[in-house]
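Report on one structure; see the data block that follows.
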Amino acid sequence: MQRIGKILTTLLLLTAIATAQRAPKPYGPVPNERQKEWYSWEMIAFFHFGINTFEDFVNEGEGKVSTAIFNPTALDCRQWVTTLKNAGIPCGILVAKHADGFCNWPSAYTDYSVKNSSWKGGKGDLVKEYTDACKALGVKPALYLGPHDRHQHLSPVYNTADYSDYYARQLSELLRNYGPIWEIWWDGAGADELTTPLYTRWADTVRKLQPQCVIFGTKNSYRFADVRWVGNESGKAGDPCWATIDSFSIRDEAQHIQALNEGQLNGNAYIPAETDVSIRPSWFYHKEEDDKVKSPSELWDIYCNTVGHNSVLLLNIPPDRRGLLHPTDSSNLVQLHHKIKNTFAVNLLAGSAVSSLHPRGKNYLPANLTDTSAGSYYATPDGYATDTVTFTLKAPATFDCLMAQEVLELGQRTTGWSVDYSSDGKTWTAIPEATNKQTIGHKWIICFPQVTAKKVRLRITAGQACPAIHTFGVYKQAAYADINQ
Ligand code: IPT
């Protein structure tokens, strides 16, 4: 009897351990492969370049100006892509055709293109030069093909079969002839008349020709969208900023914009926000704005408010009339990169003694929050949506920034969290900027006036399921590197 009892006890214990070690189940909508890849880029460059570049102060041309004016004198896509390499940006979207309808490649379906420009005697192909440079240097090329085309189809003929064919053929040219394209950008600007049936056909083309291609969609193309517009062009993702949304049918404009900006916690579709913003006041290059390029510290704020708000930053750096990036733009971008890299190089919580109230088991230890392994994470047992994780540092540390990352594949779980610190090891002080936060998602970053602590505490105060958090760290913001390109 005693033996049987012992065996039973052992079995129960083993079952308990096995249950505790099992991975948490995903909660709610989860990202697809394209979205996981897209999140991993963190930053994407945007290259607005085309016939507008050669007009004074034009950002939305009418599609009437002569093709002859397109004539970059020193165009060098390797210079653009080298800047991306130096700035740690793995993907770049080139405007292949903006609202004016001018094609930066020699499309077989229109005369309004580089083939009738002065550039290279009409023999040039910017899309080819760009995608070749990306391939050579190991950057992922992506394209903007404006659905709004003022040259080809002036309102109200957008919804004709002719226009549907015209756009579909151009999309096929771009997706068949230039190798892998990682994102296609369907601007909603000026595109209100374009209906969902048009996008249905075009989305089929994208999915068939390039299954890995992320679709940026908005308005009538939203149902095909992998990523959504963030609701502004000023570099601000919401707080909170959920990856889920189901508000595309909201009629009230202000509520709609707010839903795009913040997402909706219980939204039924996983469509995270991509934040498009220009390093200059305009989308296209104008030399009058050479002294209005956003500084490294403005870019850092934008980075924290976008990448650090569960979004991806799509940063526009428009090449000039020579076909080159202006040195101020590239220098500021590279300085931003050094600031990011150096700030997050050292997690000051690494090596601390870590404890939590509700451990899940040895594969999900809170110490996993500060390791550098990509696969490990911290979790509580199923049924425990809240917890307190306490870090006791080896020596007091001074910091002014923190960062957290959820396990994306497991959905949006934690919905409330706060961070406190202790200078004396006994009493706790709240960090006001890090109190009552909601989203974590791919990455959440918070900056605050510097504090010195012996202990740090992450309080998870609300959630839809047990937390599954990959990283938590505190950091000291690095100085801007002095780089002159
Ligand atoms: C705005 C569009 O309405 C939106 O759908 C999206 O395409 C966005 O542009 C991209 O920035 S229009 C702009 C003038 C705010």
Side-chain angles (χ1 to χ4, degrees), residues 38 43-50 52 57-63 91-101 142-150 155 158 167 171 183-196 198-199 202-203 206 213-238 241 245-264 267 269 271-286 289 294 302 305-307 309 311-318:
W38 168 88
M43 281 176 71
I44 306 171
F46 215 174
F47 295 109
H48 275 72
F49 185 74
N52 292 340
F57 275 120
V58 171
N59 289 292
E60 294 251 329
E62 290 302 325
C91 177
I93 302 181
L94 168 70
V95 168
K97 179 184 78 169
H98 206 252
D100 50 75
L143 296 172
Y144 171 117
L145 183 66
H148 176 41
D149 186 327
R150 293 178 180 159
S155 175
Y158 273 119
Y167 188 93
L171 197 55
E183 179 165 339
I184 189 93
W185 224 77
W186 285 339
D187 202 340
D192 294 291
E193 290 171 44
L194 295 162
T195 59
T196 300
L198 288 188
Y199 287 111
W202 304 340
V206 177
C213 184
V214 170
I215 294 181
F216 170 93
T218 168
K219 295 182 179 165
N220 293 332
S221 66
Y222 81 87
R223 69 190 62 188
F224 312 104
D226 292 304
V227 301
R228 69 175 194 262
W229 186 43
V230 77
N232 63 65
E233 295 179 343
S234 49
K236 273 190 176 303
C241 186
I245 187 162
D246 59 9
S247 73
F248 288 96
S249 56
I250 292 181
R251 289 286 159 95
D252 178 80
E253 187 55 18
Q255 278 178 25
H256 175 64
I257 293 288
Q258 187 185 354
L260 290 172
N261 193 239
E262 297 183 351
Q264 289 172 298
I271 313 179
E274 185 176 85
T275 309
D276 58 315
V277 58
S278 184
I279 199 166
R280 290 162 172 261
S282 300
W283 287 106
F284 285 85
Y285 176 87
H286 307 293
E289 296 179 350
K294 290 185 175 78
I302 288 176
N305 282 316
T306 55
V307 177
H309 276 199
S311 179
V312 163
L313 170 57
L314 173 55
L315 183 62
N316 182 56
I317 38 171

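Just follow the structure's listing: the first ligand is 1, and inside any ligand the first atom is 1.
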Considering only heavy atoms of Glu233, which atoms of ligand 1 have at least one such atom less than 4.0 Å away?
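With Glu233 as reference, the close atoms of ligand 1 come out as 8 (C), 9 (O), 10 (C), 11 (O), 13 (C), 15 (C).
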Just which atoms of ligand 1 are under 4.0 Å from any heavy atom in Asp276?
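That gives atoms 10 (C), 11 (O) of ligand 1.
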Examine the side chains of Asp187 and His98 and answer whether a donor and an acceptor come within less than 3.5 Å of each other.
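Not at all, the side chains of Asp187 and His98 share no donor-acceptor pair under 3.5 Å.
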Modelled atom types, side-chain donor and acceptor of Tyr199 and Asn220, under 3.5 Å
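Side-chain D/A pair, Tyr199 to Asn220: absent.
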What's the shortest distance from atom 8 (C) of ligand 1 to any protein heavy atom, and which residue and atom give it?
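In this structure, atom 8 (C) of ligand 1 has Trp229 CE2, 3.3 Å as its nearest protein heavy atom.
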Looking at atom 12 (S) of ligand 1, what's its closest protein heavy atom, distance included?
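Of the protein heavy atoms, Ala189 CB, 3.7 Å lies nearest.
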Within-cut-off N or O pair, Trp186 and ligand 1, under 3.5 Å
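No: no nitrogen or oxygen of Trp186 is under 3.5 Å from one in ligand 1.
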Has ligand 1 got any nitrogen or oxygen that is less than 3.5 angstrom from a nitrogen or oxygen of Gly188?
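Min N/O separation from ligand 1 is below 3.5 Å for Gly188.
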Got more than 12 heavy atoms from elsewhere within 6.0 Å of NZ, Lys236?
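Not more than 12 within 6.0 Å, no.
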is_close_aromatic(Trp185, Phe46), centroid dist under 6.0 Å
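Yes.
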Would you mind telling me if ligand 1 is within reach of the side chain of Asp187, the backbone, both or neither, using heavy atoms under 4.0 Å?
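It is both parts that get close, each with some atom under 4.0 Å.
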Quick one, Glu274 and Ile44 - any side-chain contact, counting heavy atoms below 4.5 Å?
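When only atoms from C-beta onward are counted, Ile44 and Glu274 do touch, with a gap below 4.5 Å.
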Examine ligand 1 and decide if any of its atoms is less than 4.0 Å from a heavy atom belonging to Trp185.
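Under 4.0 Å: yes for Trp185.
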